[in-house]
Amino acid sequence: MTHAPASPEVTPFTLRPCSLGMAAVAVSDKGVCAILLGDDADALQDELQRRFPRASLRRGADSDNTAAAALALVDGQAPPAALPVDARGTAFQRRVWDALQSIPPGRTASYAEIADTIGAPTATRAVAGACAANPVAVAIPCHRALRSDGALSGYRWGVERKRALLAREGRNFP
DNA sequence: TATTCCTGTCCTG
DNA sequence: CAGGACAGGAATA
C-alpha cells in the first residue's frame, strides 16, 4: 500500500476486549475495513491510525451492525448475516486474500499451495507477505495458512492467537 | 538437522 | 530509484 487510501474523512471504529484479547474494528461505507488484534488498546489505535493515515478515526462504531458482526466473528460465533468486507490492497494482495477466503474453516493450506492457486507458484514468500498485510483478521482467514512442513509459522498478531483460532476450528497443534 | 541460496512484493531512505 | 526485510521453500552437505 504505497499511498493512503482515499478514505472518507471520518472512519468510525470500536475498541473492545474479546476472546482473543483486545480487538479494534473499523468500518467504511462498504463494510468492515479493519479488524486488528492485540493486548493494548492504545497500541491498537495507533496501528489503526498507521493503516489509515489520512482518516480521522472516530470512536462511534459500537452500535454499528457491521462492527457487531465482525466482533461476533472474532469471538467465534457465526455472524447473523454475511459480513461485508472492504479490504483495500494491491492487486496481488487481493488475489491472495481471495484465495484465503476459499479455505473453509477447519482446513488449512500451505503458502506454496496458495501461491499455486493464484497462478504465481514461485511467489510463496510474497504470499506470506500478503497474509501479513491482511487488514481484516479472522474475516480473511490468514490464520489458515501454514508452512509446507505443517508448522504454524508466524502470525501478525501472535502465534498464540493463530493457534487458538485453529483450535477453535478443530485443529490442534502441539 | 543446519546452512545456503533463491524467490516476489512492499516499505523506506 | 536502490536496498533491505520478510509469516517460505528447495537444494545441499
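So you know, we letter chains A, B, ... as the sequences are listed, proteins then strands, and number each from 1. Computation of the quantities below employed the complete heavy-atom set of this structure, encompassing side-chain atoms and omitting hydrogens, waters and symmetry-equivalent molecules.
Listed for the A:K162 side chain is no donor-acceptor partner under 3.5 Å among the backbone atoms of A:C142.
Whole-Å rounding puts the A:I114 CD1 to C:dA7 C1' distance at 11 Å. For the pair A:R147 CZ and C:dA10 C1', the computed distance is 13 Å after rounding to whole Å. Between A:E113 atom CD and C:dA7 atom C1' the separation is 16 Å, expressed in whole Å. When rounded to the nearest whole Å, the span between OH of A:Y111 and C1' of B:dT9 equals 15 Å. As a whole-Å value, the separation of A:R161 CZ from C:dA7 C1' is 15 Å. The CG atom of A:D116 sits 15 Å away from the P atom of B:dG8 (whole-angstrom rounding). If you take CZ of A:R156 and C1' of B:dC10, they are 13 Å apart, rounded to a whole angstrom. When rounded to the nearest whole Å, the span between CZ of A:R163 and P of C:dA7 equals 17 Å.
Checking C:dA7, C:dG9, B:dC10 against the side-chain heavy atoms of A:T90 singles out B:dC10 as nearest. Distances from the side chain of A:A112 to the nucleotides C:dG9, C:dC6, C:dA7 place C:dG9 closest. Nearest nucleotide to the side chain of A:A132, out of C:dG9, B:dG8, C:dA7: C:dA7. Among B:dT7, C:dA7, B:dT9, the nucleotide with an atom closest to any side-chain atom of A:R125 is B:dT7. The nucleotide whose nearest atom lies closest to any side-chain atom of A:T124 is, among C:dG8, C:dA7, B:dG8, C:dG8.
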Donor-acceptor pairs under 3.5 angstrom involving side-chain atoms of residues 14-24 of chain A: please list them, not counting sequence neighbours.
{"unit_1": "A:T14", "atom_1": "OG1", "unit_2": "A:D62", "atom_2": "OD1", "d": "3.4"}
{"unit_1": "A:T14", "atom_1": "OG1", "unit_2": "A:D62", "atom_2": "OD2", "d": "3.1"}
{"unit_1": "A:S19", "atom_1": "OG", "unit_2": "A:D75", "atom_2": "OD1", "d": "2.8"}
{"unit_1": "A:S19", "atom_1": "OG", "unit_2": "A:R168", "atom_2": "NH2", "d": "3.2"}

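Residue A:S110 has no polar side-chain atom (N or O) positioned under 4.0 Å from OP1 or OP2 of C:dG8.
A salt bridge links A:E160 and A:R163; the closest N-O separation between the charged side-chain nitrogens and carboxylate oxygens is under 4.0 Å.
For the atom pair OG1 of A:T124 and CD1 of A:I114, the computed distance is 10.5 Å after rounding to the nearest 0.5 Å. Within the model, atoms CZ of A:R171 and CZ of A:R107 stand 7.0 Å from one another, a figure rounded to the nearest 0.5 Å.
Residue A:F92 is classed as a sugar-phosphate contact, given heavy-atom separations below 4.0 Å to backbone atoms only.
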statement: Note, DNA chain C 5' to 3' with Watson-Crick or G-U pairs under 3.5 Å encoded as ( ), [ ], | and . gives ||||||.||||||
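Counting only heavy atoms from C-beta outward, the side chains of A:H143 and A:W157 never approach each other to under 4.5 Å. Using a 4.5 Å heavy-atom threshold, the side chains of A:R88 and A:D86 count as touching.
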